[in-house]
> 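One structure, pasted below without further comment.
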Protein chains: 2
Amino acid sequence: MQFCGDTPRSEPPKRVRLVDLAAQLGLTKGTVSRALNDHPDISDQTRLRVRKAAEKLGYRPLSHAQAIRTGRVQSLGLVLQIYEHDAHRPFMAEFLAGLSQAASAEDWTLTVATASSDAQTLDLLDRLTVEKKADGFILPRTKLDDARIEFLRARNVPFVLYGRTRESRGCAWFDIESERSIEDAVTLLARLGHRRIGFVPGAQGYTYAELRRDGYLAGLARGALAHDRQLVAPPAMARDDGAISAATLLDLADPPSAIVCAVDGAALGVYDAARQRGLKIGTDLSVISYDGIPEATLLDPPLSTYRVDTRAAGARLADLLIRRCRGAAPEDLRELGRAAFQARGSHGVAPGAAQPAT
Amino acid sequence: MQFCGDTPRSEPPKRVRLVDLAAQLGLTKGTVSRALNDHPDISDQTRLRVRKAAEKLGYRPLSHAQAIRTGRVQSLGLVLQIYEHDAHRPFMAEFLAGLSQAASAEDWTLTVATASSDAQTLDLLDRLTVEKKADGFILPRTKLDDARIEFLRARNVPFVLYGRTRESRGCAWFDIESERSIEDAVTLLARLGHRRIGFVPGAQGYTYAELRRDGYLAGLARGALAHDRQLVAPPAMARDDGAISAATLLDLADPPSAIVCAVDGAALGVYDAARQRGLKIGTDLSVISYDGIPEATLLDPPLSTYRVDTRAAGARLADLLIRRCRGAAPEDLRELGRAAFQARGSHGVAPGAAQPAT
DNA sequence: TTCGTTTTCGAAACCGGTTTCGGCAACTGT
DNA sequence: ACAGTTGCCGAAACCGGTTTCGAAAACGAA
């Protein structure tokens, strides 16, 4: 009922300011501010009275007015690097949803910017920090040696990695243990009787690509399988180069009976290469991949893959970064998640192998 | 050389403030502020001197400090509604890139939030406006009757629609004339000899869906074809429901020889339904669609579709909104774009028809 | 009762910019 | 030469919050 202006004219709804609230209560704005921010020198009685009045009048502080004194704008920064063929693009919406939801829960917001090169990314980070558009940053797609980390570390700006890095001193991070999933995939295939298991790695430079390669090797070791370098194809991220990588494996003199891909995008190409050679996926050739892109269920047969809950990852990252901005030590802000195996139709017993022991 | 501290300790790089700049110049901060903001009461000589010093010292105003007086935070708001099956999701990254790029060019930033329902969207708009996290909003996926428009209009908050709406009084907007593309598609098919052309519309409620339906009808009229209600399938947005819609058309007693889809997602399902019935796309059944999703090129045969330059659309929207926030009249901020036809393999001469007249 | 603590709040400075106002100096016109 | 403009800048208020400091009031102990 408060501002339902009786005048049919253009009524500027007139924000409720701190002083208005204070006047209404017969207090000074300093007192009201401290009451709302839970300072210990305010009596419980007054605190409660202030809270109720603030609620009733619908008082909401202007975040940039607070920022001028506190130095914190309550905003998470995200600089996305957009590539032509970006395997992670389908997950963008989910990722944003996770970030935004967790940020909103703490009354923070999300400031996003996009860049098309490493240099532009650093430029944006610079601009956003110096103009204080964000209190900290989420760094997706971490590289082993990441210029963004050096940059922010030097300026003492909080950040959280999505992924790990070589030198994690002072870094908070969240990551999915994709190396464990790849290792599990290889182990599973070995149990199914596969003796020659190929691998299509992800793009070099990114930490996750290295880790998944390690996972492949670990899986071979656990399955007591020899490591044949020929079974590691050139890196592939999307359908077209995935087909090329698969071709190099399938055209080997002694081709693999199973292929593990570091990313689903490449697996799409494996299907193409297999079809072209008359190989039936799931029987002639087993494929297990990683990511959980939506198209995976539409393939024939549906692709067995490890699905990442990208929305949940975003939520965790936002939470970690907010805590980091509030002063928590980076060493206490490190988490690992796991991808969930979606057993579908693209993997099976090795051709000519006996039923596996459970 | 300025702040390369000789001390190897943790050097807080100490921002350059307006007063610092003023002291350096022997001026007051008020004068410097006016010089940088091009006030007329500053001599050209002083203005130039200030600009150079600002450049040299690397002075960058704190945007939230400016905001407290000006009321403008230089940020565009974007509230995305995330659906389970969202046909527009693949374009998210491109859209953000366009917005971000155009915003950055004017030194604005982008604040994004996500919602999962209409009510939550309004909540977020409310929070972002009252806390002044954004100066205005971009409203994607406009509906014929859109609650967001009413909401923002009542509060006198600037906004720009991506799409049109029923009552566009006071609305700035950018839109692609998709109805023209659909009309062109139908016309093209008619010229190719198709007499029965089916249509798979988009989800009801959205303006674009209605417009594309109009475009279908207009195309029929231009091709002097009768409108058979049976040729309009149930709405579909994604592959699965697209297949169902296509089935209703293909199982007709007198099925169409061509199908136009309002969105590419549905066209994917049309391929499925056609394959299931042994129809060869491009010869037995022509398909033309709209959107330009990347998968379209990977289909067999590649899908003929009208491609929207989503990045460019984002850039235009950001530009319009910034101008709107700076006071331009909404009536002067309305633009239309066009999608580009990508003639690929999914459409051809009608079965049993003579070569068409040019 | 008296003195020292503690609790609780008011007053005012403060954050980093922008905007208003007034005054000095340099022009203009006669 | 003198009054009236005009150009240009300093001083100070201002935006809407937060934080510091000090003092009054309430409390506790002797």
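A note on names: the letters A, B, ... follow the listed sequences, proteins ahead of strands, and every chain is numbered from 1.
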> Using a cut-off of less than 4.0 Å, is there contact between a side-chain N or O of B/R15 and OP1 or OP2 of C/dG17?
yes
> Atom CZ of B/R72 and atom P of D/dC15: how far apart are they, to the nearest Å?
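In whole Å, D/dC15 P lies 17 Å from B/R72 CZ.
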> Checking the side chain of A/S168 only, and the main-chain atoms of A/C171 only, is there a donor and an acceptor separated by less than 3.5 Å?
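Side chain of A/S168 to backbone of A/C171, a donor-acceptor pair under 3.5 Å: no, none is there.
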> Under 4.0 Å between a side-chain N/O of A/R34 and OP1 or OP2 of C/dT7, yes or no?
no
> Taking for each residue the nucleotide of DNA chain C bearing the nearest heavy atom, is the 5' side occupied by A/P40 or by B/I68?
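Going by which nucleotide is closer to the 5' end, it is A/P40.
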> Roughly, in whole Å, what's the span from NZ in A/K132 to C1' in C/dG17?
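These atoms are roughly 16 Å apart.
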> Over 60° means perpendicular and under 30° means parallel, so classify the ring planes of B/F174 and B/Y162, tilted if in between.
tilted
> A/T28 side chain N/O closer than 4.0 Å to the phosphate oxygens (OP1, OP2) of C/dA11?
no
> Find the distance B/L25:CG to D/dC8:P and express it as a whole number of Å.
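That distance rounds to 17 Å.
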> Is A/S100 reaching over with its side chain to a backbone N or O of B/T114, donor-acceptor style, under 3.5 angstrom?
yes
> Measure the distance from CD on B/Q45 to P on D/dG7 and round it to the nearest whole Å.
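Answer to the nearest Å: 16 Å.
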> For B/I42 and D/dT6, give me the distance from atom CD1 to atom P, rounded to whole Å.
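Those two atoms, CD1 and P, are 18 Å apart.
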> Could you check how far CG of B/L36 sits from P of C/dT19, rounded to whole Å?
12 Å
> Name the residue closer to the 5' end of DNA chain D, choosing between A/D41 and A/L18 according to the nucleotide with the nearest heavy atom.
A/L18
> Taking only side-chain N and O atoms of B/T31, does any of them lie within less than 4.0 angstrom of OP1 or OP2 on D/dC9?
no
> Between A/T46 and C/dC9, does any side-chain N or O lie under 4.0 Å from OP1 or OP2?
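Checking C/dC9 against A/T46, a side-chain N or O does come within under 4.0 Å of OP1 or OP2.
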> Tell me whether the side-chain N/O atoms of B/R69 come closer than 4.0 Å to OP1 or OP2 in C/dT19.
no
> Kindly say whether A/F159 contributes a backbone atom to a donor-acceptor pair with the side chain of A/R324 at under 3.5 angstrom?
no
> The side chain of A/K29 is closest to which nucleotide in this list: D/dT18, C/dG10, D/dC9?
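Looking only at heavy atoms from C-beta outward on A/K29, the closest nucleotide is D/dT18.
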> If the threshold is 4.0 Å, N to carboxylate O, is there a salt bridge linking B/K52 and B/E55?
no
> Of the listed nucleotides (D/dC9, D/dG17, C/dT19), which one gets closest to any side-chain atom of B/T70?
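Nucleotide nearest to B/T70's side chain: C/dT19.
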> Grab the CD-P distance between A/Q74 and D/dG17 for me, whole Å please.
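Atom-to-atom, A/Q74 to D/dG17, this comes out as 13 Å.
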> Choose from C/dT19, D/dC8, D/dG17 the nucleotide whose nearest atom is closest to any side-chain atom of B/H39.
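Among the listed nucleotides, the one closest to the side chain of B/H39 is C/dT19.
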> Hey, is A/D319 close enough to A/R323 for a salt bridge, meaning N to O under 4.0 Å?
yes
> Does A/S43 reach a base, just sugar-phosphate, or nothing at all? Heavy atoms under 4.0 Å.
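Since only primed, P, OP1 and OP2 atoms lie under 4.0 Å of A/S43, the category is sugar-phosphate.
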> If you check every side-chain atom of A/N37, which of D/dG16, D/dT19, C/dC9 has the closest atom?
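For A/N37, the side-chain atoms sit closest to D/dT19.
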> Would you say B/H64 reaches C/dG16's phosphate, i.e. side-chain N/O to OP1/OP2 under 4.0 Å?
no
> Let me know the distance between CG of A/L62 and C1' of C/dC15, rounded to the nearest Å.
15 Å
